[in-house]
Amino acid sequence: IKKADVVKADITVANTEYTYDGTAKKATATAKDGMGVPTVSGEGTNAGTYTVTVAGEETANYKAYSFTYENALVINKADVAKTDITLANTEFTYDGTAKQPTTVTVKDGETTIPAAEYTVTYSNNINAGTATVVISGNFEGTATFEIKKATPIIFADAPLDKVMGGYVMEITPTTSAIDNFLNPTIFTVLDGEGYSVTGNTITIDNGVAIGSTIKVKIQSTETTNYTAAEGELALTVGVPTADTAELEAKIAMLEEKLSKLDETFATDKELSDEIAIIQGEIATLESAIDGYATDAELQTAIRALKKPSEQ
């Protein structure tokens with residue numbers, strides 16, 4: 001009578017699923033009567049799956065055998081409660097960069113788990129909102145922290161150094177924001193004293209006082225990463241340098257004339273009279289540069305200073 005073969009169905013593999021606790025885990029196996037006591041090899045410590053080999057020696061009635069069981073041993077990750085994950089920082093403010101707590105501490109009950117036994121990754125940790133800390137490796141769990149919206153600082157450059165009544169100008173705000181926050185459509189220019197508003201364009205009221213300041217209010221719209229905020233553009237009422245070129249040229253001509261008077265006149269009396277006249281004209285012109293409240297008044301003054309042939 002020949003010895004019988006042992007088949008896989010004759011072997012029972014048990015104790016194949018565990019939860020990680022830092023100790024080595026191993027399956028067990030039994031064989032039917034008369035097949036001897038099988039030897040089990042293949043163990044694991046970390047979370048994952050392992051191959052198990054069950055082998056038995058020849059007995060009086062059965063041949064020797066060896067069977068392989070792929071991924072038969074399973075060590076599950078240990079669950080970590082959110083309360084067992086401690087974050088050094090739980091609140092940040094958006095600035096366009098990924099946010100991470102300076103330290104993450106994970107505990108199993110009262111025992112602090114060594115950092116080598118788990119991996120920390122993050123999701124949704126750039127934009128404002130709730131970011132997630134993911135613990136993986138031999139342990140698994142999540143914790144969260146908040147990224148608050150940033151408050152932008154709003155700027156707007158004046159297109160002219162001074163403004164006059166009747167001037168029309170477009171306000172193009174910029175901000176301290178670092179992403180796509182510069183689109184003017186998310187700004188609103190608010191109504192205020194001394195100007196009227198149409199969209200992002202303002203018109204300076206006629207009759208505003210020379211030397212006064214007009215404060216243009218600008219408001220930004222709340223976005224995904226920024227709170228709503230207000231800014232202010234201060235405009236000085238007066239004749240813009242850009243509009244005084246003709247007056248400045250007239251002054252320069254008169255000043256050049258003064259420098260040549262000593263070559264033109266024979267007596268001190270004639271020289272003194274001419275200097276006084278020219279100096280008076282210069283003073284009048286300089287006064288004109290700062291003395292008009294509206295564009296129309298300035299243009300009238302410039303025309304009055306020109307010779308008929310120049311008009």
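Reckoned from all heavy atoms, side chains included, excluding hydrogens, waters and symmetry mates. Being a predicted model, the structure only gives us computed values, none of them experimental.
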- Query: Between Val133 and Ile135, does a side chain to side chain contact (heavy atoms under 4.5 Å, CB included) hold up when you go through it step by step?
  - Reply: CA-CA 7 Å; Val133 181; Ile135 305 299; 4.3 Å; yes

- Message: Between Tyr122 and Lys99, does the side chain to side chain contact (heavy atoms under 4.5 Å, CB included) criterion hold? Intermediate values first, please.
- Response: CA-CA 9 Å; Tyr122 301 88; Lys99 299 303 177 189; over 6 Å; no

- Query: Ile171 and Ile202: side chain to side chain contact (heavy atoms under 4.5 Å, CB included), yes or no, with the steps?
  - Reply: CA-CA 7 Å; Ile171 304 299; Ile202 67 169; 4.1 Å; yes

- Task: Verify side chain to side chain donor-acceptor pair (under 3.5 Å) between Thr132 and Asn124, making sure each step is shown before the conclusion.
- Result: CA-CA 6 Å; Thr132 302; Asn124 302 321; 4.8 Å; no

- Does the pair Glu230 and Lys217 meet the rule for a salt bridge (charged side-chain N to carboxylate O under 4.0 Å, His left out), with working shown? CA-CA 7 Å; Glu230 283 194 7; Lys217 300 286 187 181; 5.2 Å; no

- Message: Val104 vs Ile85, test: side chain to side chain contact (heavy atoms under 4.5 Å, CB included). Steps then yes/no.
- Response: CA-CA 7 Å; Val104 176; Ile85 302 172; 4.0 Å; yes

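Within the 3.5 Å criterion, the main-chain N or O of Lys26 finds a donor-acceptor partner in the side chain of Tyr18. In this structure a side-chain-to-backbone donor-acceptor pair under 3.5 Å is missing from Lys25 to Ile75. For Lys3 (side chain) and Thr59 (main-chain N/O), a donor-acceptor pair under 3.5 Å exists by modelled atom type.
No side-chain heavy atom of Thr201 sits less than 4.5 Å from a side-chain heavy atom of Met169. No side-chain heavy atom of Tyr50 sits less than 4.5 Å from a side-chain heavy atom of Val74. In this structure, Asp79 and Phe139 have side chains that are not in contact, with every pair of non-hydrogen atoms separated by 4.5 Å or more. Inter-residue side-chain proximity for Val120 and Val134 is flagged as unmet; no heavy-atom pair is nearer than 4.5 Å. Between Ile113 and Tyr118 there is a side-chain heavy-atom pair separated by less than 4.5 Å. In this structure, the side chains of Ile218 and Leu190 stay at 4.5 Å or more apart for every pair of heavy atoms. The side-chain heavy atoms of Ile204 and Ile214, taken from C-beta on, include a pair separated by under 4.5 Å. Inter-residue side-chain proximity for Val106 and Thr112 is flagged as unmet; no heavy-atom pair is nearer than 4.5 Å.
A donor and an acceptor atom, one from each side chain of Glu58 and Tyr65, are nowhere located under 3.5 Å apart. Thr19 and Asn76 are not linked by any side-chain donor-acceptor pair at a separation below 3.5 angstrom, with hydrogens and angles left out of the test. Checked by atom type, the side-chain pair Thr105/Lys107 shows no donor-acceptor distance below 3.5 Å. Looking at Thr151 and Thr227, their side chains do bring a donor and an acceptor atom within 3.5 Å of each other. Remark: the Thr97 side chain and the Asp95 side chain contain an N/O donor-acceptor pair separated by less than 3.5 Å. With 3.5 Å as the limit, one finds a donor-acceptor pair spanning the side chains of Asn89 and Thr102. Inspection of the Thr51 and Glu70 side chains reveals an N or O donor paired with an N or O acceptor under 3.5 Å. For the residue pair Gln100 and Asn125, no side-chain donor N or O sits within less than 3.5 Å of a side-chain acceptor on the partner.
A pairwise comparison of heavy atoms in Val52 and Ala27 identifies CG2-CB, 4.1 Å as the closest pair. Taking all atoms of both residues into account, the shortest heavy-atom contact from Thr93 to Ile147 is C-CG2, 4.1 Å. The two residues Thr223 and Lys149 make their nearest non-hydrogen contact at O-NZ, 3.1 Å. For the pair Ile11 and Ala29, the tightest heavy-atom approach, listed with the atom from each and the gap, is CG2-CB, 4.2 Å. Annotation for Tyr62 and Asp33: closest pair CE1-O, 4.1 Å, computed over non-hydrogen atoms. Residues Ala234 and Thr213 share a closest heavy-atom pair of CB-CG2, 4.0 Å.
Sparse packing is recorded around NZ of Lys215, with 12 or fewer heavy atoms of other residues, nucleotides or ligands lying under 6.0 Å away. Environment of CD in Glu146: crowded, with over 12 heavy atoms of neighbouring residues, nucleotides or ligands closer than 6.0 Å.
Remark: Ser212 OG to Glu193 CD distance equals 9.0 Å, nearest 0.5 Å. Between atom CZ of residue Phe92 and atom NZ of residue Lys148 there is a gap of 12.0 Å, rounded to the nearest 0.5 Å. Between atom CG of residue Leu87 and atom NZ of residue Lys82 there is a gap of 10.0 Å, rounded to the nearest 0.5 Å. Rounded to the nearest 0.5 Å, atoms NZ (Lys63) and CG (Asp5) are 4.0 Å apart. In this structure, OG1 in Thr49 is found 8.5 Å from CG in Leu73, a value given to the nearest 0.5 Å.
Using a 30° and 60° split on the angle between ring planes, Tyr69 and Phe67 fall in the perpendicular class, above 60°.
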